[in-house]
Amino acid sequence: MSIKPRVIYWFRTDLRLHDSPALQAALDLKPSVLYPIWAWDSHYVYHARVGVNRWQFLLDCMNDVSQSITKLNEKSRLLVLREPAVTLLPKLLKAWKITHLVFEKDTDAYGRQRDERVIAAAEKLGVEVITRSGRTLWDSDDVVKAHDGKPTMSITQLQKAGAKVGLIAPPIDTPKSLPDPGDTALDIEQEQPDSKPDVNDKERQGEEKSYSSGISGPNGDFAVPTLQELGLKPATTPHRGGETVILERLERILADEDYTATFEKPKTSPAQFEPQSTFLTSPYLHFGALSCRYFYHRVETIVSSRRKAKKAVSEPPTSLTGQLLFRDMYFAAQAALGWKFGQTYNNDHCRFIPWHLPSKVDTKTGLVTGEYEIDDQAKETEFQRWRNGKTGFPWIDAIMRQLRQEGWIHHLARHSVACFLTRGGCYISWERGAEVFEEWLIDHEAACNIGNWNWLSCVSFYSQFYRCYSPVAFGKKWDPEGDYIRRYVPELKDMPKKWIYEPHKAPIADQKKAGVVIKGGGTEEEIGGVTAYPKPIFDFNTQRDICLDGMKNAYRIGLYGNSPKVLDGTWKELFADGAAGPTEGQRGGPGGTTGAEDADMHQHHDEDEVTTPKKSVEREKRSTKSPAVKNHKRERSQGTLDGAFKKAKG
DNA sequence: TGTGATGTTGCCCGT
DNA sequence: TACGGGCAACATCAC
């Protein structure tokens, strides 16, 4: 005699009904009842950096999937239970007499830990747990296994490992019907999670009430929460989530066969807006409203039929499918490295560069604490001005403001601002930048975000640090008129094209005509009754030289996050040659610069002051070898590394 | 312990 | 206007 299965389907980052291997596994059980639930996770509410725009996108996806469930069974909908899964599920499994718990596998470091605890608790209660990989093209753990347990560090590696794992699973149809949910009456005690520290507190305008009205929410109906319930400010993004939205948009993308089959990412513009140059599928992929395998196969079908017809097609890595391969590469890298993927300290795949504003480390756990050292107050100011879109470089500021406002920026725009914050400008830790993106991006995916910051800062995946994005030239290439800047930096909307990328060079008369004064550090909106836009935080060309010297030196020294000298803090001895970074004086702790309270070491300088380049020993030697170099610098405005080294060989 | 090609997307100049 | 060379230089991989 077998008991009819009573199943909980636990939704997580798979907010869709189509092509869901885990949901299919649940339905294959032929359950007598199926409870579609969401366990409200306090980690996401309080401890992960989640801005209001991503909250709204998540709630959109939840509402949409709930409505889709109801369309298949009018008695059913998404049941949102206000308690974290780890404490909630053991009680729930008992209360609802559950036989099977089914969910999609999560290879994020946090997700894995949470799921291990849930699985252990469920199995102790005799509940069968079924998980399926569904977030990536291939199961990331399988990819790692096929790659000898190592993280995949290039697309070729991913493709080779993927081929060993097997074919990318074909898509699964949306179910035609869903079982009834069982009785939702609940008589269990709610355990309220610890809300401290609440890193998202600054996003709130009211009281955070995620857990205060009980497990079933303020109306006792397990409804999807509102931003209000979370005490959050209204969202500012125009982008809305949901499986329905993206499936419709996907058809529009695929209907344009030329676009789909010849897509090349580097040829899409970071400066285009309304509409953007790409179709913005990333946040839907993140929340699982769109299946990456479904997307992949639909594109592949079009591409292969065109290939047969001998029509032009693009290929990975720049093609649409190539973009999905990169996503899998980062997921498999994270699956192999776990928590340390997200930090420099103790990370054997992350180069150690003595960045400014390094993360504080808890040497007991080996993990970063979420705080950072302010090794130099001027660098903290630069960081805040970068974050707030007030660097005085309009291209950078426009991108950062679009990010904050809309929660999405083009991939190349991410490159530009990431390079600028780290190796090609401020020389500030990539971990600071990754945190800002984590908070503001609606498509924030830990694996991809960390991977891309690693890439751009040249600590991992990529090493051609001499390829440096100019905050002036790169934007101009895409948008010579400066329309993108005018849109997101309205202070400069009337600035002539000639000065739009470098308004501090505009004559006072032109500034006056444009109704803006280029002055100050971005703290004042108006100066003398005129709209103000800040002066640049530094002279870019000078700063780029400092960065290049620093990178060259750090590469030469060749430390990684797990090098003994990084772990014990003695790394600083190796950086006595004046390379950029917080390496001077006697400071230097594990992974960073503990002991920064030594006030004498803080060289506070005026915001408008231009820093003098510190040449490394190596660099000096090369310069003296060819004195002609000094008189052969290019125009400061457009300079690249070429200028400084031109003819150095001959 | 070589050599040359390749690597998702630099910039500038010359043709 | 699109493309290739030069710039100085990184890691990895096939040979």
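So that the names make sense, note that chain A is the first sequence line, chain B the second, and so on, each numbered from 1. No experiment lies behind these values; they were computed from the predicted model shown.
- Within the nucleic acid shown, A:Arg351 comes within 4.0 Å of sugar-phosphate atoms alone, with no base atom in reach, counting heavy atoms only.
- As a whole-Å value, the separation of A:Asp545 CG from C:dA9 C1' is 15 Å.
- Taken residue by residue, residues 445-464 of chain A places heavy atoms nearer than 4.0 Å to DNA chain C at A:Ser463, A:Gln464.
- Of the possible polar contacts, one joining the A:Arg54 side chain to the A:Arg49 backbone as a donor-acceptor pair under 3.5 Å is found.
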Distances for protein N/O vs nucleotides 12-15 of chain C N/O pairs under 3.5 angstrom?
{"from": "C:dC13", "atom 1": "OP1", "to": "A:Gln157", "atom 2": "NE2", "distance (Å)": "3.4"}
{"from": "C:dA14", "atom 1": "OP1", "to": "A:Lys160", "atom 2": "NZ", "distance (Å)": "3.2"}

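- Applying the side chain to side chain donor-acceptor pair (under 3.5 Å) rule to pairs touching residues 148-161 of chain A yields A:His147-A:Gln157, sequence neighbours excluded.
- Taking atom P on both nucleotides, C:dA2 is separated from B:dT8 by 25 Å, rounded to a whole Å.
- For A:Tyr560, the side-chain hydrogen bond (donor to acceptor under 3.5 Å, both in side chains) test picks out A:Arg351, with sequence neighbours left out.
- One can place NZ of A:Lys476 at 20 Å from C1' of B:dT9, the figure rounded to the nearest angstrom.
- With salt bridges taken as basic N to acidic carboxylate O contacts below 4.0 Å, none links A:Glu257 and A:Lys311.
- Between A:Lys535 atom NZ and A:Phe393 atom CZ the span is 12.5 Å, to the nearest 0.5 Å.
- Remark: A:His415 pairs with A:His411, A:Tyr469 by the ring-ring contact (aromatic ring centres under 6.0 Å, His included) rule, at least two apart or across chains.
- To the nearest angstrom, P of C:dC10 lies 18 Å from CE of A:Met153.
- For the P atoms, the distance from C:dA9 to B:dT1 is 23 Å, rounded to whole Å.
- Under the side-chain hydrogen bond (donor to acceptor under 3.5 Å, both in side chains) criterion, A:Lys497 pairs with A:Glu481, not counting sequence neighbours.
- Residue A:Tyr469 has its side chain nearest to B:dC11 when only B:dC11, C:dA9, B:dT8 are considered.
- One C1' atom belongs to B:dG2, the other to C:dC7, and the distance between them is 25 Å to the nearest Å.
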What would the secondary structure line of DNA chain C be in dot-bracket form, counting Watson-Crick and G-U wobble pairs under 3.5 Å, with [ ] for pairs that cross earlier ones and | for pairs with another strand? .||||||..||||||
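- The nearest whole Å value for the distance from the CG atom in A:Asp348 to the P atom in C:dA11 is 16 Å.
- In this structure, A:Arg467 places its CZ atom 15 Å from P of C:dG6, rounding to the nearest Å.
- Rounding to whole angstrom units, CZ of residue A:Phe465 and P of B:dT9 are separated by 16 Å.
- Protein atom CG of A:Leu158 is 11 Å distant from nucleotide atom P of B:dT8, rounded to whole Å.
- If you take NE2 of A:His410 and P of B:dT9, they are 14 Å apart, rounded to a whole angstrom.
- When the P atom is compared between C:dT1 and B:dT9, the two are found 25 Å apart, to the nearest whole Å.
- For residues 334-349 of chain A, there are no salt bridge (charged side-chain N to carboxylate O under 4.0 Å, His left out) pairs, not counting sequence neighbours.
- A:Ser460 is linked by a side-chain hydrogen bond (donor to acceptor under 3.5 Å, both in side chains) to nothing, counting only residues two or more places apart in sequence or in another chain.
- Applying the salt bridge (charged side-chain N to carboxylate O under 4.0 Å, His left out) test to every pair with at least one member in residues 401-413 of chain A, sequence neighbours left out, gives these pairs: A:Arg401-A:Glu491, A:Glu406-A:Arg487.
- Base contact: A:Phe326 has a heavy atom under 4.0 Å from a base atom.
- OP1 or OP2 of B:dT9 has not a single side-chain nitrogen or oxygen of A:Lys267 nearer than 4.0 Å.
- At the heavy-atom level, A:Gln323 lies under 4.0 Å from base atoms of the strands shown.
- Counting only residues at least two apart or in different chains, salt bridge (charged side-chain N to carboxylate O under 4.0 Å, His left out) contacts with residues 275-299 of chain A comprise A:Asp19-A:Arg293, A:Glu251-A:Arg298.
- With sequence neighbours excluded, the residues satisfying side-chain hydrogen bond (donor to acceptor under 3.5 Å, both in side chains) with A:Asp258 are A:Arg306.
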